[in-house]
J.: 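I have a structure here, written as structure tokens, and I will follow up with some questions on it.
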Amino acid sequence: MKTLIIAEAGVNHNGSLEMARQLVASAAAAGADVVKFQSFVTSKIISREAPKAEYQKGTTGDDESQYEMVRKLELSRSDHEALIEECQRHGIGFLSTAFDTDSFDMLVELGIDQVKIPSGELTNLPLLRYVTRLGKPVILSTGMAGLGEIEAAMEIIERAGTPRSRIVILHCTTEYPTPMQDVNLRAMLSLKHAFGVDVGYSDHTPGIEVSIAAVALGATVIEKHFTLDRSLPGPDHQASLEPHELKAMVDAIRNIERALGDGIKRPSPSEQKNKPIARKSLVASRFIQAGELFSADNLATKRPGTGISPMRWDEIIGRPASRNFAADELIDI
């Protein structure tokens, strides 16, 4: 099964349409399936009194409010239209997270075919109900949540009109970057067991190894922040991959998909030719005269594996030699 790889551009365009276009091109060049942005009207989602997160203070300073910081990162409807066209030009899917109902309506009008619910909105009942009422496939991030909160969100989503079969739950830790000791990747498997749905991982760790491990554990969706340059100003750049790292992650995930195979244990086509080289046969350990009984004293197991298999040792022991055998000669009967 192919993993859906979402390159999370988020707000790493810094409010610049040109930079957003470059992010689209970069995600496509890296081989991602989808590039995702964020759609919001700041005045509808953040109060003017809301403080910044600690990581945001660390990346953007503390001389402006969260409202002021985020306001500069809005994308207009025309920006969205331009980015959808850019995605079509580069052959990559477009996705955006709606943080308010007006933004969701805009995305629906623009033809979006999937809903991404971010971790921060998992407890926003009115928004959950609104964005899932159309029954479009849902990707639900679960950062900061316990099983009870996720169960409540799932109930709202299903009652709104989206069946469980159309929901993918992403394990996530909402810290930028996420310390390795806080990843708890096995929780992704707990989500799959608890809710009986496909699962994935929204990765905020440094590097690419946790996303690769998630795929090996069965993730069907990987979401990872990326940027054109980690040194750019803005809240999320420092916790994002640069383009060459994103490509390395995509390539590694595709290799893991190939390596996982179908689960049937059998000799692979590439190793068949090595059977006669690596395996052993029954050979004479010394000169054996015709009629002499085969025994542990005159038999050995040595390469190549083109003769009688050592698995027939008990069958051969005690039988008379049909002819003379020189030392190291393959035994035949």
Side-chain angles (χ1 to χ4, degrees), residues 6-27 32 34-87 92 94-107 109-110 112 115-122 124 127 131 139 141 143-144 172 174-177 202-204 223-243 246:
I6 301 173
E8 170 68 89
V11 294
N12 281 344
H13 48 75
N14 286 4
S16 162
L17 176 59
E18 180 52 38
M19 189 178 294
R21 290 180 188 273
Q22 292 176 35
L23 286 164
V24 169
S26 179
V34 173
V35 59
K36 188 178 84 66
F37 293 91
Q38 296 179 8
S39 304
F40 53 86
V41 178
T42 308
S43 61
K44 293 181 179 296
I45 66 168
I46 301 174
S47 75
R48 294 183 182 273
E49 307 303 319
K52 286 183 177 179
E54 288 302 316
Y55 81 88
Q56 292 172 335
K57 293 177 183 177
T59 55
T60 64
D62 198 19
D63 58 350
E64 62 180 354
S65 67
Q66 184 185 158
Y67 181 98
E68 292 166 331
M69 175 189 73
V70 171
R71 180 68 181 84
K72 296 182 292 188
L73 303 174
E74 286 185 16
L75 292 172
S76 67
R77 183 186 179 103
S78 62
D79 290 337
H80 283 76
E81 292 170 344
L83 291 175
I84 290 171
E85 290 180 4
E86 193 74 8
C87 286
I92 188 171
F94 172 87
L95 184 62
S96 191
T97 298
F99 288 79
D100 59 84
T101 57
D102 287 351
S103 295
F104 179 72
D105 287 344
M106 175 190 68
L107 292 174
E109 290 167 8
L110 293 175
I112 199 164
V115 177
K116 171 64 202 304
I117 299 172
S119 295
E121 305 302 327
L122 182 134
N124 187 346
L127 185 68
V131 302
I139 299 174
S141 280
M144 305 173 289
C172 178
T174 306
E175 173 65 323
Y176 305 85
S202 180
D203 186 6
H204 298 143
E223 179 182 72
K224 185 75 173 180
H225 281 267
F226 80 108
T227 178
L228 299 175
D229 185 342
R230 261 194 299 274
S231 67
L232 287 167
D236 294 340
H237 293 285
Q238 290 183 25
S240 301
L241 297 180
E242 293 188 340
L246 179 63

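Every value quoted in this text rests on a predicted model; they were computed, and no experiment measured them.
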J.: Checking Asp100 side chain against Ile45 main chain: does a donor-acceptor pair fall under 3.5 Å?
T.: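 Such a contact is absent between Asp100 side chain and Ile45 backbone.
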
J.: Side chains of Thr97 and Lys36, heavy atoms from C-beta outward: is any pair under 4.5 Å?
T.: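 Answer yes - side chains close enough.
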
J.: In the structure I gave you, are the side-chain heavy atoms of Ser141 and Glu223 within less than 4.5 Å of one another anywhere?
T.: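 In contact.
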
J.: Could you tell me whether the side chain of Leu83 reaches within less than 4.5 Å of the side chain of Ser96, counting heavy atoms only?
T.: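 Sidechains of Leu83 and Ser96: no contact.
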
J.: Look at Glu64 together with Lys72 and state whether they make a salt bridge at an N to O cut-off of under 4.0 Å.
T.: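 The answer is yes: the pair qualifies as a salt bridge.
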
J.: Charged N to carboxylate O under 4.0 angstrom, Glu81 versus Arg77?
T.: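 Yes, Glu81 and Arg77 are salt-bridged.
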
J.: Treating Glu242 as the side-chain partner and Arg230 as the backbone partner, does any N or O pair qualify as donor plus acceptor under 3.5 Å?
T.: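 Yes: the side chain of Glu242 pairs with the backbone of Arg230.
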
J.: Is a side-chain donor-acceptor pair under 3.5 Å present for Ser16 with Asn14?
T.: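 Ser16 and Asn14 do not have a side-chain donor-acceptor pair below 3.5 Å.
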
J.: Please check: side-chain N/O of Ser240 versus main-chain N/O of Asp236, any donor-acceptor pairing under 3.5 Å?
T.: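 Yes.
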
J.: Is any side-chain heavy atom of Leu122 closer than 4.5 Å to one of Met144?
T.: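 No, every pair of side-chain atoms sits at 4.5 Å or beyond.
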
J.: Look at the side chain of Asp79 and the backbone N and O of Ser76, then say whether any donor-acceptor pair between them is shorter than 3.5 Å.
T.: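 Flag set: sc Asp79 to bb Ser76 pair under 3.5 Å.
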
J.: Can you tell me how far apart CG (Leu232) and CD (Gln238) are? Round to the nearest 0.5 Å.
T.: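 Answer rounded to 0.5 Å: 10.5 Å.
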
J.: The criterion is salt bridge (charged side-chain N to carboxylate O under 4.0 Å, His left out); which residues satisfy it with Glu121, sequence neighbours excluded?
T.: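 For Glu121, no residue satisfies salt bridge (charged side-chain N to carboxylate O under 4.0 Å, His left out) once neighbours in sequence are set aside.
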
J.: Measure the spacing between OG of Ser103 and NZ of Lys44 and express it to the nearest 0.5 Å.
T.: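 So the OG of Ser103 and the NZ of Lys44 are separated by 8.5 Å.
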
J.: Within a strict 4.5 Å, meaning less than it, do heavy atoms of the Leu73 and Gln38 side chains meet?
T.: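 Side-chain contact under 4.5 Å: no.
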
J.: Does some side-chain heavy atom of Phe226 sit less than 4.5 Å from a side-chain heavy atom of Lys224?
T.: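 Side-chain contact under 4.5 Å: no.
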
J.: To the nearest 0.5 angstrom, please state how far the CD atom of Glu86 sits from the CD1 atom of Ile92.
T.: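 If I round to the nearest 0.5 Å, the distance is 11.0 Å.
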
J.: Between Glu74 (side chain only) and Thr42 (backbone N and O only), is there a donor and an acceptor less than 3.5 Å apart?
T.: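 Side chain of Glu74 to backbone of Thr42: a pair is present.
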
J.: Whether Glu54 and Lys57 form a salt bridge (side-chain N of Lys/Arg under 4.0 Å from carboxylate O of Asp/Glu) is what I want to check.
T.: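 A salt bridge is present here (some side-chain N lies under 4.0 Å from a carboxylate O).
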
J.: Kindly write out the residues that satisfy ring pair (Phe, Tyr, Trp, His ring centres under 6.0 Å) with Tyr55, not counting sequence neighbours, or none if the list is empty.
T.: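 Scan of Tyr55 (ring pair (Phe, Tyr, Trp, His ring centres under 6.0 Å), adjacent residues dropped) gives Tyr176.
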
J.: Would a 4.5 Å heavy-atom cut-off, applied to side chains only, mark Ser39 and Phe104 as touching?
T.: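 No. Closest side-chain heavy atoms not under 4.5 Å.
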
J.: For a quick test of reading the model, state the closest non-hydrogen atom pair linking Ala239 to Pro177 and the distance between them.
T.: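 Reported closest heavy-atom pair: CB-N, 4.1 Å.
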
J.: For a quick test of reading the model, state the closest non-hydrogen atom pair linking Leu127 to Ala98 and the distance between them.
T.: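 Closest approach of Leu127 to Ala98: CD2-O, 4.0 Å.
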
J.: From Met69 CE over to Ile46 CD1, what is the distance, rounded to the nearest 0.5 angstrom?
T.: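 So the gap between those two atoms works out to 6.5 Å.
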
J.: Locate the shortest heavy-atom distance separating Leu75 from His80; write the atom from each residue and the value.
T.: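 That closest heavy-atom pairing would be O-CE1, 3.4 Å.
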
J.: Please report the shortest heavy-atom distance between Val35 and Leu23, naming the atom on each side.
T.: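 Val35 and Leu23 have their closest heavy atoms at CG2-O, 4.5 Å.
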
J.: As a test of understanding, state which of Val11, Val24, Leu95, Leu107 forms a side-chain contact (heavy atoms from CB on, under 4.5 Å) with Phe37.
T.: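 Passing option: Val24.
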
J.: Taking all atoms of both residues into account, what is the closest heavy-atom pair of Thr59 and Gly234, and its distance?
T.: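 Heavy atoms only, the tightest pair is CB-O, 3.6 Å.
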
J.: Quick check for you: to the nearest 0.5 Å, what is the distance between Ser43 atom OG and Arg48 atom CZ?
T.: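 Rounded to the nearest 0.5 Å, the OG-CZ separation comes out at 8.0 Å.
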
J.: Between His204 and His225, how do the two ring planes meet: parallel, tilted or perpendicular, split at 30° and 60°?
T.: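 His204 vs His225 ring planes: tilted.
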
J.: Can you name the closest pair of heavy atoms from Thr227 and Pro243 and give their distance?
T.: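 Closest approach of Thr227 to Pro243, heavy atoms only: O-CD, 3.1 Å.
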
J.: Check the surroundings of atom CD in Glu109: do more than 12 heavy atoms from other residues, nucleotides or ligands lie under 6.0 Å from it?
T.: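 Result for CD/Glu109: enclosed.
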
